[in-house]
A.B. asks: 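I'd like to ask some things about the structure below.
In what follows, every chain begins at residue 1, and chains take the letters A, B, ... in the order their sequences are listed. Here the structure is a predicted model, which means the values were calculated and not measured.
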There are 2 protein chains.
Amino acid sequence: MKPFHSYQNPSLAIDLVVFGYQQRTLSVLLLNRNEMPFKDTWTLPGAFLQMDERFKDTCSRVLKTKLGMDNVYLEQLYSFDEPERDPRGRVIAIAHYALINPKNFAITAGSMANDVQWFDIHQMPELGFDHQEIFTQALQRLRSKILYFPVGFELLDDLFTMPELHELYECILDTTIDRRNFRRKILDAQYIINTGKKREGLQNRHPDLYKFNKKLPKNAFQLNIN
Amino acid sequence: MKPFHSYQNPSLAIDLVVFGYQQRTLSVLLLNRNEMPFKDTWTLPGAFLQMDERFKDTCSRVLKTKLGMDNVYLEQLYSFDEPERDPRGRVIAIAHYALINPKNFAITAGSMANDVQWFDIHQMPELGFDHQEIFTQALQRLRSKILYFPVGFELLDDLFTMPELHELYECILDTTIDRRNFRRKILDAQYIINTGKKREGLQNRHPDLYKFNKKLPKNAFQLNIN
DNA sequence: GCAAAAGTGTTACGGCTACACCCATGG
DNA sequence: CCATGGGTGTAGCCGTAACACTTTTGC
């Protein structure tokens, strides 16, 4: 058998589109690079794959060491192969996206305050590398997936109200959805379970608190928007 | 700047799920390996990515040199990172699938007759590496994509009849679809254009010949099956 | 003129959209 | 008791599934 790894191989980078939801806004976590290339430019967080790592391991390493996050919803997105996408040389990027609840991870304080930051998806800066394209694909994927699969609960607290879930969907899909029709569809799909508890301390009627139904039924769920 | 490619990187393989449609059967092209590992075992065709190649270049190279095919519909599928997936060492596979019309490429004759062969997707042999998983995902992707996107025309001749298209869909989705409802949906979606010509030489009524509408309208097409 | 298959039309049901109404809470 | 927002119900429309009928061809 040939000396297998003596060939020259491209480097393998894992790039991460980390989505967070807070203050009724869908945001993405960006990192301001402090070295060349693209020094002082906002980019997606990422790292090179080590020989003993699976993709998810690299993702976890980035999330843990650079962002202090743990136990995160991850999905592989797409791989990017443009030869000139990295000026340092040939780098293949395996893009993933993550969904997290920012409340669980305080990014805003600490030593990284300056170079790690949430950006409203409507107010993104210019990104280095081909990260704009990666981000666009990630958002597209999230938007289409949420129409037929119970993704999105990872962005909320364990307990959430129907209006909160409703607003999340509107925010991600960037549209308005009829409150009552949304409720019925979500309930029919049995994605969520009413806990009987109520959210207290609001000005008006206290809405029911729901939790995600982990044993999700395979009822076809299809959310149609106008 | 660091010596960038001095790190050890995994090898990058491109694996191909080549779908073909013939004799009312959806088939996959498999290759009988003539070297270790998995010698004399059926596998998906593939090759290692060269430093100057994009994914599609590698795909084309495999399709051209190993299979004599050219100008083929290709789509990136998913990347597989299991560290033990290749006994020779760490190999990441970027899987793609291709749709071709076998009529355009005579595989059955020639020097490769013995080690390249079409297999009915219902009668597949055991596959080497993790290729069974890759194949399964490819089939799944094809099946879900055909429900909302005009993929599949690549499997047919340039001119085809409505019953032929109908049968292709039934074959890919492995179900029955009402002939008349199918026709209406496809026509409404404007995926195809009636050429006015007819298929001659049949026993019964001569069906109209259609061609694929290349400037596909973005009407949402959704084929629902029971 | 008969069998087989392709083209065309229709009806009736179900699901969704687009609504209105009632209920709970704080001030 | 009023404003605000959350919970519940419903009517009417539209799309489509499930059909029947007519037309064309070969023998």
Side-chain angles (χ1 to χ4, degrees), chain A residues 23-24 146-148 156-157 159-171 173-211 213 217-226, chain B residues 23-24 146-148 156-157 159-171 173-211 213 217-226:
Chain A
Q23 280 109 45
R24 313 183 160 202
I146 206 176
L147 294 178
Y148 66 90
L156 296 174
D157 296 345
L159 297 183
F160 51 86
T161 67
M162 187 63 79
E164 285 162 6
L165 185 64
H166 175 239
E167 182 140 24
L168 171 66
Y169 271 68
E170 288 195 331
C171 200
L173 295 169
D174 201 20
T175 183
T176 58
I177 307 172
D178 184 275
R179 188 171 68 86
R180 294 146 285 187
N181 294 333
F182 175 79
R183 157 185 279 271
R184 186 164 16 78
K185 280 219 178 182
I186 292 284
L187 289 177
D188 286 355
Q190 292 182 277
Y191 281 0
I192 60 176
I193 300 171
N194 194 327
T195 63
K197 299 174 197 159
K198 311 231 173 229
R199 176 156 326 277
E200 308 287 343
L202 296 182
Q203 299 239 325
N204 314 310
R205 181 170 179 171
H206 295 173
D208 295 353
L209 281 168
Y210 293 86
K211 64 178 178 184
N213 180 5
K218 39 187 165 291
N219 316 1
F221 170 66
Q222 181 69 37
L223 183 64
N224 299 309
I225 48 179
N226 328 4
Chain B
Q23 280 108 43
R24 315 186 157 200
I146 205 175
L147 294 178
Y148 66 89
L156 296 174
D157 295 346
L159 296 184
F160 50 88
T161 68
M162 187 64 78
E164 284 163 6
L165 186 64
H166 175 241
E167 182 140 22
L168 171 66
Y169 270 68
E170 289 195 331
C171 201
L173 295 169
D174 203 19
T175 183
T176 58
I177 306 172
D178 184 273
R179 187 172 67 86
R180 294 147 287 187
N181 294 334
F182 175 78
R183 156 185 278 273
R184 185 164 16 80
K185 282 218 175 182
I186 292 284
L187 289 177
D188 286 354
Q190 293 182 276
Y191 280 1
I192 60 176
I193 299 171
N194 195 328
T195 63
K197 299 174 197 162
K198 311 231 172 226
R199 175 153 333 274
E200 309 287 342
L202 296 182
Q203 300 238 325
N204 312 310
R205 180 170 180 171
H206 295 173
D208 296 353
L209 282 168
Y210 294 86
K211 64 178 179 184
N213 181 4
K218 38 187 166 292
N219 318 359
F221 170 66
Q222 180 67 40
L223 183 65
N224 299 308
I225 49 178
N226 333 1

A.B. asks: Send over the distance from A:Ile186 CD1 to D:dG6 C1', rounded to a whole Å.
C.D. replies: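 Rounded to whole Å, this separation is 16 Å.
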A.B. asks: To the nearest angstrom, how far is A:Leu187 atom CG from D:dG9 atom P?
C.D. replies: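 Rounding to the nearest Å, CG of A:Leu187 and P of D:dG9 are 12 Å apart.
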A.B. asks: Once ring pair (Phe, Tyr, Trp, His ring centres under 6.0 Å) is applied, do any residues pair with B:Phe160, and if so which ones, sequence neighbours excluded?
C.D. replies: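 With neighbours one apart ignored, the set is B:Phe153.
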A.B. asks: Provide, to the nearest angstrom, the distance between the CZ atom belonging to A:Arg205 and the P atom belonging to C:dT25.
C.D. replies: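 A:Arg205 atom CZ is separated from C:dT25 atom P by 8 Å.
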A.B. asks: Would you check if the side chain of B:Asp157 reaches a backbone N or O of B:Leu159 as a donor-acceptor pair within less than 3.5 Å?
C.D. replies: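 It does not hold such a pair.
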A.B. asks: Is the closest basic N to carboxylate O distance between A:Asp208 and A:Lys197 below 4.0 Å?
C.D. replies: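 Result for this pair is no, no salt bridge flagged.
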A.B. asks: To the nearest Å, how far apart are A:His166 NE2 and D:dG7 P?
C.D. replies: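 Rounded to whole Å, this separation is 12 Å.
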A.B. asks: Taking atom CD of A:Glu164 and atom CZ of A:Arg24, what is their separation to the nearest 0.5 Å?
C.D. replies: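 The distance works out to 8.5 Å.
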A.B. asks: Counting only heavy atoms not in B:Glu200, do more than 12 fall under 6.0 Å of its CD?
C.D. replies: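 Counting neighbours around CD of B:Glu200, more than 12 heavy atoms of other residues, nucleotides or ligands fall under 6.0 Å, so yes.
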A.B. asks: What is the separation between atom CZ on B:Arg183 and atom P on D:dA17, rounded to the nearest whole Å?
C.D. replies: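 Result: 16 Å.
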A.B. asks: Check the interface with nucleotides 9-16 of chain C: list each N/O to N/O pair with the protein under 3.5 Å, or write none.
C.D. replies:
none

A.B. asks: Specify the separation, in whole Å, of atom OH of A:Tyr210 and atom P of D:dG6.
C.D. replies: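 Checked: the OH to P distance equals 12 Å.
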A.B. asks: Side-chain contact, heavy-atom cut-off 4.5 Å: A:His166 with A:Ile177?
C.D. replies: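 They are in side-chain contact.
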A.B. asks: Could you work out how much the helix from C:dG1-D:dC27 to C:dG27-D:dC1 bends, comparing the axis of its first five pairs with that of its last five, to 10°?
C.D. replies: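 Rounded to the nearest 10 degrees, the bend comes out at 0°.
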A.B. asks: With nearest nucleotide decided by heavy atoms, which residue, B:Arg179 or A:Thr161, maps closer to the 5′ end of DNA chain D?
C.D. replies: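 Comparing both residues, the 5'-ward one is A:Thr161.
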A.B. asks: Provide, to the nearest angstrom, the distance between the CD atom belonging to A:Gln203 and the P atom belonging to D:dC2.
C.D. replies: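 Atom CD in A:Gln203 sits about 19 Å away from atom P in D:dC2.
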A.B. asks: If you count heavy atoms of other groups shown closer than 6.0 angstrom to NZ of A:Lys211, is the number above 12?
C.D. replies: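 Counting neighbours around NZ of A:Lys211, 12 or fewer heavy atoms of other residues, nucleotides or ligands fall under 6.0 Å, so no.
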